[in-house]
Amino acid sequence: EEDKCYTTDDDGTHIITDDMFLAVGGMDSYHVAAEDDEGNKVRSHPLTTWRLAYIKEVSMKDIPAADSTGTFMGEFARQGIHLEMLGRIEMDRMHNISTGDQGTYVANVRTAYLGTDAKDKEPYVVVVGYTDHLAVKNPSQQVDSAVVDVGPDQGPVNVAIRGPGLTNPAISDRNLWNNLVPGEGWFVSAQFIPEGGGAPVAIAEDRCEAVAVSASRPDTCRTVRVDVSGLSAGRGVIRLRVNWVDRMRGGLASGGNLICVCTRAWWRDVSATDQNQIMIHEMGHKVGMVPVGTGARPDKTATYYDTSQGHVGPHCHKGIPAGQARYDSAADRAASECVMYGATNGKTRFCDECTPAVRKQDLTAGWSRL
């Protein structure tokens, strides 16, 4: 706001401390200009501001963690954030991390992380944890068949697994909790409920078979085939209680300096490209995306939507018409244009609505330890 005057030291130089300040954002350009007592003027080349963060990778044994993070690093470089990689270490595998497993997972990552010198870079180090599945279970859900005939002369009954989820209340096809965690299955109980009343008849688990959607996807099952030939002849409803998958998460921005990247979802490996997308998305949350404009945060983006409109957390609906009650349909996902959309969508860049906010975020405080 005003010129500053300094006297050079005996060697003709002078170091200025605590008297010049830059904005906290990235990719801003400045010049430094000076004039001496003789009227000689000099001006620096453009000085561009960057933010610096360190990345420590913690993977699990025997999972398909991405072999390159170039896309991740490149997108944040585009936003004026230089990510310096500190190497990768391994920890024991957890086959799935549901909502109740996150505490154990974080503790395991913390132990692995604290065994390295990456902690010396705190508070400017972020831990990228590569996980197996991040599936969330809906336990003991009831599913009833239509009224069917049962008995020695009847063929098996197929029961479609459909119902509302936790994050999306719409009723839709659900995947059985099948081959995700050793020792955990999808079956809870099965009964035949006679039409017109009468005591329910238990059906043994070995009479119930999960049916794969295709031969190429043997673990993805949305139908149960029930053998009713062992029941007395009659008519009624087959009532199942099953564990099903509420949702599969691509990644998580956990507490402190930890982000989680899923390497397997829906019983398939996640590609390195998609893992990089997840890293960008979750690191986006770590730097304050998508902002709501409160306090010192950048202005709320025009394409902001929150948990009440679909997905968990603040996200961006760029490419999707505004004014919708929810933004989490398959059509919305296909139309979305920003990496900060709430589900994996193949995008690896912040949109033109989000980019200014990323560049303006104040990262001075860094992140607390996980």
Side-chain angles (χ1 to χ4, degrees), residues 94-101 132-250 262 264-270 328-330 333 343:
M94 296 176 66
H95 288 83
N96 182 63
I97 301 166
S98 187
T99 51
D101 306 310
D132 203 315
H133 278 86
L134 289 172
V136 176
K137 181 198 294 183
N138 289 160
S140 194
Q141 301 297 301
Q142 179 177 309
V143 183
D144 287 353
S145 71
V147 176
V148 296
D149 293 315
V150 301
D153 298 328
Q154 301 299 324
V157 174
N158 288 332
V159 182
I161 306 303
R162 304 189 75 244
L166 292 176
T167 54
N168 188 339
I171 293 177
S172 62
D173 294 336
R174 298 291 165 183
N175 292 278
L176 291 170
W177 190 264
N178 185 46
N179 288 340
L180 284 169
V181 180
E184 291 186 18
W186 59 267
F187 182 86
V188 178
S189 67
Q191 292 178 318
F192 170 66
I193 311 295
E195 188 177 43
V201 180
I203 301 174
E205 181 176 357
D206 61 8
R207 296 284 181 167
C208 302
E209 176 191 3
V211 180
V213 297
S214 68
S216 63
R217 302 175 65 186
D219 293 323
T220 306
C221 304
R222 301 172 190 150
T223 302
V224 174
R225 181 174 296 134
V226 182
D227 180 354
V228 297
S229 62
L231 298 171
S232 299
R235 187 170 174 80
V237 169
I238 304 298
R239 174 164 294 170
L240 299 175
R241 284 203 170 273
V242 301
N243 302 318
W244 72 46
V245 178
D246 179 73
R247 62 193 185 277
M248 295 255 186
R249 300 166 294 176
C262 184
R264 297 190 71 240
W266 304 112
W267 298 276
R268 292 181 171 182
D269 293 350
V270 176
D328 56 355
S329 71
R333 176 177 175 177

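Residues: numbered from 1 along the sequence shown.
The structure places OG of Ser229 at 9.5 Å from CG of Asp153, a figure rounded to the nearest 0.5 Å. The CZ atom of Arg239 sits 4.0 Å away from atom CG of Asp144, with the distance rounded to the nearest 0.5 Å.
Counting all heavy atoms, side chain and backbone alike, Ala212 lies closest to Pro218 at CB-O, 3.6 Å. When all heavy atoms of Cys262 and Asp132 are compared, the closest pair comes out as SG-O, 3.4 Å. Val228 and Gly155 get closest at one heavy-atom pair: CG2-O, 3.4 Å. Contact record, Ala210 with Leu176: CB-CD1, 3.8 Å, taken as the closest heavy-atom pair. Closest non-hydrogen pair, Asp173 versus Arg162, comes out as OD1-NE, 3.0 Å. When every heavy atom of Cys208 is checked against every heavy atom of Ala190, the shortest pair comes out as SG-CB, 3.8 Å.
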| Verdict with supporting geometry, Phe192 and Val157, side-chain contact (heavy atoms from CB on, under 4.5 Å) | CA-CA 11 Å; Phe192 170 66; Val157 174; over 6 Å; no
| said: For Asn175 and Trp266: C-alpha separation, side-chain torsions, deciding distance, then whether side-chain contact (heavy atoms from CB on, under 4.5 Å) applies. | reply: CA-CA 9 Å; Asn175 292 278; Trp266 304 112; 3.3 Å; yes
| query | How far apart are the C-alpha atoms of Val150 and Val226, what are their side-chain angles, what is the distance that settles it, and do they pass the side-chain contact (heavy atoms from CB on, under 4.5 Å) test? | reply | CA-CA 10 Å; Val150 301; Val226 182; over 6 Å; no
| task | Walk me through it: do Val237 and Ser145 pass the test side-chain contact (heavy atoms from CB on, under 4.5 Å)? | result | CA-CA 6 Å; Val237 169; Ser145 71; 4.0 Å; yes
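At least one donor-acceptor pair closer than 3.5 Å links the side chain of Asn243 to the backbone N or O of Ser140. No donor-acceptor pair closer than 3.5 Å links the side chain of Asn178 to the backbone N or O of Thr220. A donor-acceptor pair under 3.5 Å is absent between the side-chain atoms of Arg241 and the main chain of Val188, judged by distance alone. The closest donor-acceptor contact from the side chain of Arg249 to the backbone of Ile97 lies under 3.5 Å. With hydrogens and angles disregarded, no donor-acceptor distance shorter than 3.5 Å links the side chain of His95 to the backbone of His133. No donor-acceptor pair closer than 3.5 Å links the side chain of Asp246 to the backbone N or O of Asn138.
Looking at Leu180 and Met248, their side chains come closer than 4.5 Å, going by heavy atoms from C-beta outward.
Counting only residues at least two apart or in different chains, side-chain hydrogen bond (donor to acceptor under 3.5 Å, both in side chains) contacts with residues 199-208 comprise Arg207-Asp227. Counting only residues at least two apart or in different chains, side-chain hydrogen bond (donor to acceptor under 3.5 Å, both in side chains) contacts with residues 183-203 comprise Lys137-Glu184, Trp177-Glu184.
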